[in-house]
Amino acid sequence: MQKPIMAVTGDDTAATGDMPTYQIRAPTTALPQGVVMAASPGSLHSPQQLAEEATRKRELRLMKNREAAKECRRRKKEYVKCLESRVAVLEVQNKKLIEELETLKDICSPKTD
DNA sequence: AATTCGAAACGTCACAAATG
DNA sequence: CATTTGTGACGTTTCGAATT
């Protein structure tokens with residue numbers, strides 16, 4: 001129950017020029033991996049650690065946003081359902097009022113002849 | 001069956017509004 | 001101010017029904 005998603009992540013240098021006018025912000029976790037250099041004295045984080053932290057943050061953000069989107073859709077769906085049932089109620093009410101108006105018209109109309 | 005199609009659900013991005 | 005949260009827009013995936 002876990003599907004491998006293959007979404008378009010523009011992280012390669014294809015550059016065909018017809019991208020969806022989108023994807024401006026490629027985080028690009030492309031680190032020239034290897035070469036571990038000691039962190040400079042005083043600095044608490046090596047560049048790798050910083051990159052890992054950034055990746056971690058991004059994944060957390062994606063996860064949260066995923067859930068937020070689901071919840072947002074759930075709420076919206078409910079809202080629409082609510083509106084629809086209100087429409088149904090109002091339509092019935094409107095129909096009744098129109099009928100009532102017609103009968104009242106009949107009652108009040110002056111007799112011809 | 002295999003294929004096609006439309007609708008619903010999804011994940012991600014960009015951006016505005018809310019929050020601390 | 002910087003960060004976080006909510007949502008519209010877009011492209012993708014999944015699903016069920018109709019058609020071949």
Side-chain angles (χ1 to χ4, degrees):
Chain A
M1 35 205 77
Q2 234 216 334
K3 55 203 171 149
I5 327 166
M6 220 282 279
V8 266
T9 24
D11 54 354
D12 64 316
T13 22
T16 13
D18 59 341
M19 293 241 81
T21 324
Y22 208 62
Q23 198 71 226
I24 317 173
R25 203 116 258 240
T28 317
T29 354
L31 282 200
Q33 32 83 298
V35 191
V36 185
M37 48 198 297
S40 48
S43 166
L44 214 49
H45 304 290
S46 68
Q48 291 94 329
Q49 283 173 316
L50 288 177
E52 277 174 23
E53 175 71 3
T55 301
R56 223 179 50 74
K57 268 192 172 177
R58 173 162 202 277
E59 275 168 1
L60 190 67
R61 159 69 181 148
L62 287 183
M63 212 178 145
K64 277 188 176 179
N65 190 245
R66 195 150 51 223
E67 292 310 305
K70 273 185 197 163
E71 183 59 19
C72 185
R73 286 177 187 129
R74 215 208 88 247
R75 278 199 303 263
K76 184 171 181 178
K77 211 173 151 187
E78 189 155 311
Y79 172 70
V80 168
K81 216 158 58 171
C82 237
L83 284 185
E84 284 171 346
S85 65
R86 184 162 160 70
V87 165
V89 166
L90 290 175
E91 276 175 344
V92 168
Q93 196 177 340
N94 194 41
K95 201 174 163 191
K96 281 183 182 167
L97 287 171
I98 288 173
E99 278 173 13
E100 191 181 340
L101 177 61
E102 291 308 318
T103 57
L104 287 176
K105 270 188 194 167
D106 279 355
I107 290 172
C108 296
S109 67
K111 305 246 153 104
T112 55
D113 147 359

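- Distances shown here put a side-chain N or O of A:Arg66 below 4.0 Å from the OP1 or OP2 atom of B:dT12.
- Rounded to whole angstrom, the span from the CZ atom of A:Arg58 across to the P atom of B:dG11 amounts to 14 Å.
- Of the inter-residue distances, the one linking A:Gln93 atom CD with A:Leu97 atom CG reads 6.0 Å to the nearest 0.5 angstrom.
- Residue contacts shown for A:Lys77 are limited to sugar-phosphate atoms, with no base heavy atom under 4.0 Å away.
- Between the P atom of B:dC10 and the CZ atom of A:Arg74 lies a distance of 12 Å, rounded to the nearest Å.
- Phosphate proximity of C:dG6 to A:Lys76: absent, as no side-chain N or O sits under 4.0 Å from OP1 or OP2.
- Ranking C:dT5, B:dC13, B:dG11 by closeness to the A:Arg61 side chain, first place goes to C:dT5.
- Remark: the A:Arg75 side chain and the C:dG6 base include no donor-acceptor N/O pair separated by less than 3.5 Å.
- At C:dT5, one or more side-chain N or O atoms of A:Lys64 fall inside 4.0 Å of OP1 or OP2 (strictly under the cut-off).
- In this structure, the nucleotide among B:dG11, C:dT5, B:dT12 sitting nearest to the side chain of A:Asn65 is B:dT12.
- Look at NZ on A:Lys70: it is 14 Å from C1' on B:dA8, rounded to the nearest Å.
- Residue pairs satisfying the salt bridge (charged side-chain N to carboxylate O under 4.0 Å, His left out) criterion with at least one member in residues 92-110 of chain A, sequence neighbours excluded, are listed as follows: A:Glu102-A:Lys105.
- In this view, A:Glu67 and A:Lys70 satisfy the salt bridge (charged side-chain N to carboxylate O under 4.0 Å, His left out) rule, not counting sequence neighbours.
- Only one option out of A:Lys76, A:Lys81, A:Arg74 pairs with A:Glu78 in a side-chain contact (heavy atoms from CB on, under 4.5 Å); it is A:Arg74.
- Nucleotide B:dC13 holds its C1' atom 19 Å from the CE atom of A:Met63, rounded to whole Å.
- Following rounding to the nearest Å, A:Glu67 (CD) and B:dA9 (P) show an atom-to-atom distance of 16 Å.
- What separates CZ of A:Arg73 from P of B:dA7 is a distance of 18 Å, to the nearest Å.
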